[in-house]
Structure formats: structure tokens, C-alpha cells
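The block underneath contains the structure these notes are about, expressed in C-alpha cells.
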Amino acid sequence: MDISRLAEVDSCTWSLAADAREGRREARLYGTRELVAAMDDKVLEQIGNVAKLPGLVGPAMAMPDAHWGYGFPIGGVAAFDPEQGGIISAGGVGFDISCGIRCLRTDLAKGDILQVARKLSDGLFRDIPAGVGEGGNLRLTVQELDRVLEHGARWAVQEGFGEEADLEFIEDHGCAKGADPTCVSPLAKSRQLGEMGTLGSGNHYLEVQWVDRVLDAEAAEAFGVAEGQVVVSIHCGSRGLGHQIGTDFLVSLAKAATRLGIALPDRELACAPIRSPEGEQYFGAMNAATNCALANRQILAHITRGVFRHFFPKARVETLFDVSHNTCKPEEHEVGGRKRLLYVHRKGATRAFGPGNPTLPARYRAVGQPVVIGGSMGTGSWILAGSETSEARAYSSASHGAGRAMSRNAALKRWQGRQLVDQLGEQGIIIRTRSMRGAAEEAPGAYKDVELVAEATEKAGLARRVASLRPLICVKG
DNA sequence: ATGTGC
């Protein structure tokens, strides 16, 4: 991107000035000069378009891992005031509603895994349903699914998938408020009846990792992680249900925008006022999809525990945290000296509440919310903590991953899946997948350097680095 | 992201 159009506010903050004639408010990109300059021009165009939407409060923002998405960039954050005509947008949440990462900490050491790595990868690959259209071991009725959509991970725990103690460490304690299954189409529900407890495809994965380096000893202790310790990260979302809701509401919100005379800078930014029938219906459906994703990750965490217990009967496998990456949440934030209720869209961005936030588990409250930056296949990941400055910087938001640097098609031309899997194997990283095409699309080289993203996230004041993770086993969707 | 794509 041509950064000469941007003002350098500080070394990690780049501003596209408001333009009254174009009806555009400020757009802001966070990241080092190198990361922002390497982003596609489309990121600037898209975040500039978001800055034209009604009821925006503060700048439209892009996180350091941002890249081109549908309407909003992935890595986009924007807050809207419902009392000022603020909108809600399906493109601002993303198709995979509440896609996110469940992070489990174990009391195992890297050496324990190395002794059984191949067999453990067999067990995970056998028991974790993964891949396009891959069904799970559950078949629900519509009535049962409605309970999933209302109660989220709580439903899963009640059904015997996991432990009550997991719920404290899930965003919203495992159940998103405002879910309304009656806003979800029969088609969206039917697509999900056989897909609870499945990983999906694309960038989704389950990874067994070890803690390579601790940078913040106090936060690491609060999070219960230490160097050499093994953790498991499960990255997945709301599967067919969330995708169908996104598809359904793009149409419904576009009609609402036309009816209400909202000028859309891009038709992919279909949206409706938060206080409108279509806006409220999308909010109800989106939260239902969030509960689907939270239940999905809860079931997968339970399956993972089962596989680990087979090899390590006494191992502790506890939920460190579960963060969503694709959400729109009503939150109170201080703007101009007063608290305001805002609907914060985070698309490919993590909520990152800072120290002292009363909704955080007591164990983490003093250090801030755990934030997981998921790396690309076979590279590193990071655990961070929400920082004091995150609220003022980005309504308490941070990066969610390495972020793509190259399209899937470009990656397919450049890499071969089998070769990548073999190369990573030589580095001691076991990749298990049913799709070599998917593996090529997910080539590490098609992503930004996660080290640079994590560093920039900290420098930009969005979250501070706690511990880096290195992969041992990766089950790819 | 996706019973991947009209």
C-alpha cells in the first residue's frame, strides 16, 4: 500500500484523515511501517469505506495482521452508536461467525509429547472430525440445536462434553447474550444438525504446542503457563450455520439499507441500523451462531481431553481461555470522557480487555484478558494479555493471527501440499490433513511473520506479549 | 469461512 497517503501518528499508528466531502471519518491502521506498507491497497480502500458508515464512533481501525476481506478487511475493528443511527453489518463480523481459538493448558512437558507424538497425532486425527463437509459424531434434532443456539458451551457441558470449570474461562462464560434461534433460517439450522463438534477446513486447525519463551512472568503465572509446558490450541468456528446466516443476512441487510436510504460505499458492506428490524434480527442470529461456535469448541476440547487421557491418564487439560475473532458486541467504552454503549465489530480481531476488567475471571483480572495470536500452519503462535492502553487505542481489541500475506490461489501456484508437509515433518512438526490442496493454500509463506505481528501488536499498545508457542502436532481442516 | 465454484 502507498503509505504516503497516511499520516504517521507514531511508529505503529497510521492515519487516513477524515474527508468531509467524501463523508468519511478517520481510518487508522496499526502496525509497523513495514507491516502497513506490505498490506494490499484493498485494506486501505476497505477500512476507508468502513469509515463512511453511519453512526461510527472514533476511527475505523485495522489491526497489524489486517488483510483484504469481504467488505470489511479481516483485522478490522469499528464501533457504532445505536443512538446515533449506528449500523450493524454482516460483512463486519465475517462469514464464520465467532470463529476463534480455544486454548487448553496441560501439565505435560514437551518431552512427554515427543515420546508418543506419532500415536498422539493418529489419535487426534482419528477423533477430531476435520475437513470440508466432514460431519461429526452427533446428530441433533432442530429442537436440540435450538438449545445449543440459546445456551452455547453451557449446553455442551450439560450434555457431558467437558467440565463446569471450563465455562469461567470462555468469553461471556460460554453463552452469548441476545441469541434468538427464531432469527436463524431453517436452512442454516439444517446445515448444522450433523456438524457439531467438527473442525471445518481452510485456516482451521488443532495444534499441540509447547511454550517456547516467556516474556511476561507475572501474566504467564496467572495464565498457568511456563517454559517447556504443553498447550493445545483449537481454531474453528460456527461451520455451516454461521456461513448460512452470513449469506442470509447479506441479502436482508442490503434490502434494509436500500429501504432506509443508507448509501453503501461497497455493496459488500450491506448493513442496517442496530435499532431496525433487520439489524435486531441479525443481532439475534449472530449471537445464536456465536453460541454454536462456543459449543463447537467445547465439544472439540472434550474430544481432545479424551485423546490426551488415553496416553496420559493423569494429565490435567484445562481451559486457559476461549476467544472469538469474528463478533459484534455491545460494550460500554469511554469516549470523550463519558461511557457510551457501542456495538463493536471485530472481524479477525480479538477482544482484549485490560487489567482490572470486572468481567474477567478473578485469576486473570490483575494481568488482563488472554489473547491468542494463532500462527500459520507449523509456525509459532503467541499468548498475549490485554493492556491498559488497549481500550483507548482500539476499544480493547488486538490482532488475531499472523494474517494472510498472499491469496489462496497465489499460494496454490507456489507450493505443493505434500512437499510442505514433508518439510515440516523434517523440522519435527507433524501435520495431519485430509486435503493437500488445503495444506498448499495454508503454506506458512502465504502468511505474514507472526513474530512481527505480535511485536507490532505490543508496540501499538493493543496487547502485551506473554509467551510464544511452537507447534509439535497440527491437525489441519 | 463454505454441502468451496454460475
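In what follows, every chain begins at residue 1, and chains take the letters A, B, ... in the order their sequences are listed.
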Between [N] atom [atom2] and [X] atom [atom1], what is the distance in whole Å?
| X | N | atom1 | atom2 | value |
| --- | --- | --- | --- | --- |
| I245(A) | dT2(B) | CD1 | C1' | 13 Å |
| L199(A) | dT2(B) | CG | P | 9 Å |
| Y70(A) | dT2(B) | OH | C1' | 13 Å |
| R437(A) | dT2(B) | CZ | P | 14 Å |
| D96(A) | dT2(B) | CG | C1' | 9 Å |
| E441(A) | dT2(B) | CD | C1' | 12 Å |
| I74(A) | dT2(B) | CD1 | P | 13 Å |

Counterpart residues, ring pair (Phe, Tyr, Trp, His ring centres under 6.0 Å), relative to F249(A) (two or more places apart):
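Residues passing ring pair (Phe, Tyr, Trp, His ring centres under 6.0 Å) with F249(A): Y282(A).
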Y395(A): which residues meet the ring pair (Phe, Tyr, Trp, His ring centres under 6.0 Å) condition with it, sequence neighbours left out?
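Testing Y395(A) for ring pair (Phe, Tyr, Trp, His ring centres under 6.0 Å), a comparison that skips the adjacent residues, returns H333(A).
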Please compare H204(A) and V132(A) by the position of their nearest nucleotide in DNA chain B and report the one closer to 5'.
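In this pair, the answer is H204(A).
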Which residue lies more 5' along DNA chain B, comparing E442(A) with G438(A) via nearest heavy atoms
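Residue closer to the 5' terminus by nearest nucleotide: E442(A).
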With heavy atoms under 4.0 Å as the rule, sort [X] into base, sugar-phosphate or nothing.
| X | answer |
| --- | --- |
| G94(A) | nothing |
| L187(A) | base |
| G202(A) | sugar-phosphate |
| G200(A) | sugar-phosphate |

Over 12 non-hydrogen atoms of neighbours within 6.0 angstrom of CG in D422(A):
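Counting other residues, nucleotides and ligands, CG of D422(A) exceeds 12 neighbours.
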ring-ring contact (aromatic ring centres under 6.0 Å, His included) contacts in which one or both residues fall within residues 39-77 of chain A, not counting sequence neighbours
Y70(A)-F95(A), F72(A)-H345(A)
State yes or no: are the ring centers of F321(A) and F223(A) separated by less than 6.0 Å?
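No.
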Would you say dT2(B) has OP1 or OP2 under 4.0 Å from some side-chain N or O of T247(A)?
no
Does anything in residues 134-151 of chain A come within less than 4.0 Å of DNA chain B? Heavy atoms only, and list the residues if so.
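Correct list: empty, so none.
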Which residues share a side-chain hydrogen bond (donor to acceptor under 3.5 Å, both in side chains) with D146(A), sequence neighbours left out:
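D146(A) satisfies side-chain hydrogen bond (donor to acceptor under 3.5 Å, both in side chains) with K189(A) only.
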For E280(A), all residues meeting salt bridge (Lys or Arg N to Asp or Glu O under 4.0 Å), sequence neighbours excluded
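If we apply the salt bridge (Lys or Arg N to Asp or Glu O under 4.0 Å) test to E280(A), skipping adjacent residues, there are no hits.
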